[in-house]
A.B. asks: 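Quick one: the structure is below, questions incoming.
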Amino acid sequence: MQCRLVLDTDEKRERAARMGVSDPQKIFLIEDMVRGDCLFAATGVTTVRWCRVLSFASILLRPKPS
């Protein structure tokens, strides 16, 4: 995993400099971002057709309430 800061305003560049960022174009590696144990979770929203089909199928497969 890699990332780079998006410093698209003067305010963001000044804040980064105050926080010790000396190279605003630096590509950060996972070792730069996290030290020790870490849990990462990602979610997303999509309108891909097969996801709608799976969602519809899960509604059909639910057991009827007793």
Side-chain angles (χ1 to χ4, degrees):
M1 181 182 290
Q2 299 175 344
C3 76
R4 188 175 65 81
L5 298 174
V6 178
L7 305 173
D8 54 356
T9 65
D10 288 336
E11 181 182 351
K12 290 178 183 177
R13 285 186 283 276
E14 290 167 7
R15 183 174 182 213
R18 287 193 309 269
M19 296 173 74
V21 175
S22 58
D23 180 7
Q25 298 298 315
K26 178 180 176 163
I27 297 175
F28 293 91
L29 303 176
I30 190 74
E31 294 82 10
D32 300 316
M33 295 183 272
V34 178
R35 305 242 194 284
D37 294 334
C38 175
L39 173 67
F40 174 80
T43 61
V45 177
T46 185
T47 58
V48 177
R49 181 172 171 72
W50 63 268
C51 286
R52 288 192 300 251
V53 171
L54 290 176
S55 178
F56 182 70
S58 70
I59 292 170
L60 293 177
L61 297 175
R62 286 186 188 150
K64 293 182 181 180
S66 32

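The residues of the chain are indexed from 1 along the displayed sequence. Here the structure is a predicted model, which means the values were calculated and not measured.
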A.B. asks: Membership question, hydrophobic clusters at under 4.5 Å side-chain separation (ILVMFWY): are L5 and M19 in the same one?
C.D. replies: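 No, M19 and L5 fall in different hydrophobic clusters.
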A.B. asks: Following the transitive rule for hydrophobic clusters with a side-chain heavy-atom cut-off under 4.5 Å over Ile, Leu, Val, Met, Phe, Trp and Tyr, establish whether V21 and L29 coincide in one cluster.
C.D. replies: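 Shared cluster, no.
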A.B. asks: Of all heavy-atom pairs between D32 and I27, which one has the smallest distance, and what is that distance?
C.D. replies: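 Shortest heavy-atom separation between D32 and I27 comes out as OD2-O, 4.3 Å.
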A.B. asks: If I compare all heavy atoms of Q25 with all of R4, which pair ends up nearest, and what's the gap?
C.D. replies: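 Closest pair (atom of Q25, atom of R4, distance): OE1-NH1, 3.3 Å.
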A.B. asks: How close do R13 and L7 get, heavy atom to heavy atom, and via which atoms?
C.D. replies: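 That would be NH1-O, 2.6 Å.
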A.B. asks: Hydrophobic clustering (ILVMFWY, side-chain heavy atoms < 4.5 Å, transitive) - are I30 and F28 grouped together?
C.D. replies: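 The answer is yes; both residues are in one hydrophobic cluster.
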A.B. asks: Give me the atom names and distance for the closest heavy-atom approach of V6 to K12.
C.D. replies: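 Smallest heavy-atom distance, with atoms named: O-CD, 3.8 Å.
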A.B. asks: Can you list the residues that meet the side-chain hydrogen bond (donor to acceptor under 3.5 Å, both in side chains) rule with D23, with sequence neighbours excluded?
C.D. replies: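 Expected list: none.
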